[in-house]
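All values reported here derive from a predicted model rather than from experimental measurement.
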Amino acid sequence: GGTERDGVDTSEVQEFTITVQSENDAPVNLLGGDADFADPSNTQSTDENAALPFNTGNGNRLQVTDVDDDTESASYTVDVTVIGGAAKGTVALSGDGGIGTASLQVTGTLAEVNAAIDGLVFNPAIGLTNENVLVEFASDDGGTSGEIPGVETDTDTITISVATFNDPPVAQDDNISTAEASSVEF
């Protein structure tokens, strides 16, 4: 209406169509339900030579979410890599029987990827006792069924502290001979 002509509309009703183009949003990696991997409370720990499973029971399950995933046809790829390679440790899927590699890749729908990485296990290298990191890298196919262009990724680092424990000494039998009134160093 306005203020002209005493607030009376003087035109015919008009219809407009407004099209809003969606934008592809990156997937979000979660560690125990938290997206803030850098938070010191998300540092994981394990003992020397002890496996560290990532699962709901430990409160550290790894997951990928994506607001664009409204279809079963979207494809996701998750790469998990031990920085420093096998000299630092390995990762294995729970169904692999503990056989791990320095890097693994899982591809499938969001549900398939999340099912595969549920129970992922980190195994520190034998005797390793320092800070280690894993990198989880998630990539989507550009949105729902390829309708939204552009591949988006989320890369996060998980810090794993490998604690040292005092290995007990190992005694070995040894025979030493010497002449009377002589000393022997061993």
Between Thr90 and Gly100 the two heavy atoms that sit nearest each other are CB-C, 3.7 Å

Closest non-hydrogen atom pair between Ala125 and Ala86, with its separation = CB-O, 3.8 Å

Which residues satisfy the side-chain hydrogen bond (donor to acceptor under 3.5 Å, both in side chains) test with Asn42, sequence neighbours excluded?
-> Asp34

Which residue, Ile158, Val91, Val121, Val80, forms the side chain to side chain contact (heavy atoms under 4.5 Å, CB included) with Phe54?
-> Ile158

Without swapping roles, check the side chain of Asp154 against the backbone of Ala26 for a donor-acceptor pair under 3.5 Å.
-> no

Write out all pairs satisfying side chain to side chain donor-acceptor pair (under 3.5 Å) with one or both partners inside residues 175-184, taking only residues at least two apart or from two chains.
-> none

Residues that Thr107 engages under side-chain hydrogen bond (donor to acceptor under 3.5 Å, both in side chains), provided they are two or more places apart = Thr77

Can you list every pair that meets salt bridge (Lys or Arg N to Asp or Glu O under 4.0 Å) and has a residue in residues 77-86, with sequence neighbours left out?
-> none

What distance separates Phe37 CZ from Asn29 CG, expressed to the nearest 0.5 Å?
-> 5.0 Å

Could you point out which residue of Thr109, Asn114, Asp66 forms a side-chain hydrogen bond (donor to acceptor under 3.5 Å, both in side chains) with Tyr76?
-> Asp66

Under a single-linkage definition using a 4.5 Å side-chain heavy-atom cutoff for Ile, Leu, Val, Met, Phe, Trp and Tyr, are Phe122 and Leu104 assigned to the same hydrophobic cluster?
-> yes

What heavy-atom pair brings Pro124 and Thr46 nearest, and what distance separates the two atoms?
-> CG-CG2, 4.2 Å

Between the CG atom in Leu93 and the CG atom in Leu120, the distance rounded to the nearest 0.5 Å is 6.0 Å

Give a yes or no on whether the backbone of Gly127 and the side-chain of Asn49 come within a donor-acceptor separation of less than 3.5 Å.
-> yes

How far apart are the closest heavy atoms of Val82 and Lys88, and which atoms are they?
-> CG1-CB, 3.8 Å

Rounded to the nearest 0.5 Å, what separation is found between the CG atom of Leu62 and the OG1 atom of Thr56?
-> 10.5 Å

Taking only residues two or more places apart in sequence or in another chain, which ones pass side-chain contact (heavy atoms from CB on, under 4.5 Å) with Ser103?
-> Thr81

Do any pairs count as a salt bridge (Lys or Arg N to Asp or Glu O under 4.0 Å) and have a residue in residues 55-65, sequence neighbours left out, and if so which ones?
-> Arg61-Asp118

Can you tell me how far the OG1 atom of Thr157 sits from the CG atom of Leu31, to the nearest 0.5 Å?
-> 11.5 Å

Heavy-atom closest contact (Pro53 atom, Asn60 atom, distance) | O-ND2, 3.2 Å

